[in-house]
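Remarks on the structure that follows.
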Amino acid sequence: MNNCRSCGAELFETPLLTYKNSPESAQNFINNLTSSNDAPVTLKIYQCSKCGLIQHNSQPVSYYKKVIRAVSFSKEMTDFRLQQLDDWLQKYSLKNKSILEVGSGRGEYLDLFKKIGVKKVFGLEFEKSNIEYILSKGNNATQGYLEDGLEDIKGQPFDAFAIFSFMEHWPNLKLGVEILNKFLNPNAYGLIEVPNFDMIKAKGLYTEFTVDHIFYFDQKSLSNFLTSNGFEILSIKNIWNDYIISAEVVRREPLNVEIFNKKFKIIKVSLNDYLDEINANKTVIWGAGHQALTVISLSNIKKKISYIVDSATFKQNKYTPESHLLINKPDFMLKDKPESIIVMAAGFSDEIVKIINTKYPFIQNIAVLREDNLEIIK
Ligand SMILES: [Zn+2]
């Protein structure tokens, strides 16, 4: 397969790196050499030509769904993690919320969450013996793997989630995140950590390329992946002597468009009120640009307007779309002598007001449509 496992685009044709005789996995230790079917692999490291993500295209290891953590945390790591998690939970007021850890291993992080007072913490782990261990210690966990199309996770929907050094193992990364999203509340927070490819690159750590890790994220490609898969990055930094990238994210919510509705209403009401109040015999609009055309149509004022004037000759003697108002040249007003004019010419409005005052002094009412309001000039 020569397509990116994340975005689906083509990988650069030639692998960046090729390692012959690579161990076929980092975890399948051999019990008996005579009966072993151990076969080294040729590990080829590719880059996506579109999203830039570094990845291998080998068969994933047989145990990719499980989380294997070598040892329980050192004292230093435990202290660091307790502080980090406590800060994260406090920062986003998550302590009393429901939290999911994706890929819980033997519950190492579930214990830490409990230790800092989180009551509603739930795990997700594929390995049955890990699940039994987690449950035996009084923690909550569901057995399963996101990319298998998981249908339920105990404790969902979650207000927050954490994934510690697990996402780089997911063969169907995008699908995994898509399914995860189904179990999250709309504005859920996330803490996502992966090995730091920025450091691997800088130091030439070729031994970090392993069949176990399908993806190699640097800060840029991790941000890129997360922002194109439903999250906003709140912070992204290197931790633990730069070995790990730690990203704090929040699930993207639809853009708040209140300001558009507010302005629409203000302009519509003030235009209609103004036109009713002056109740002029003839009111003209100066300007046939797209803002003017939109305002006239959306504010439904066409019946109160006699015609439009605009100095663009190619618009003159034509009718406006939707509102069907005739566009005259400005000098048409010299013989027609309208009583009122509303200038809708964006950046040119002030210049036009000066022209009206000198050239068309018979106009009694002048107003200018500004971005936020209708300004009465006279
Ligand atoms: Zn890609």
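Worth saying up front: this structure is predicted, and the values here are computed from it rather than measured. Every number for a ligand or one of its atoms is a count from 1 in the order of the listing. Residue numbers start at 1 and run along the sequence shown. As a basis for the values below, the full set of heavy atoms in this structure was taken, side chains included, without hydrogen atoms, waters or symmetry mates.
In terms of the ring pair (Phe, Tyr, Trp, His ring centres under 6.0 Å) criterion, residue partners of F161 (sequence neighbours excluded) are, by chain and number, F231. Annotation: ring pair (Phe, Tyr, Trp, His ring centres under 6.0 Å) contacts of Y64 (sequence neighbours excluded): Y145. Contacts of F164 classified as ring pair (Phe, Tyr, Trp, His ring centres under 6.0 Å), with partners at least two apart in sequence or in another chain: Y109.
Looking only at side-chain heavy atoms (C-beta outward), M333 and V309 come within less than 4.5 Å of each other.
The tally of protein N/O/S atoms under 2.8 Å from the Zn ion (ligand 1) stands at 4.
Ring geometry, F166 versus W170: the interplanar angle exceeds 60°, so the pair is classed perpendicular (tilted spans 30 to 60°).
Classification of D350 and R370 as a salt-bridged pair holds, one side-chain N sitting under 4.0 Å from a carboxylate O.
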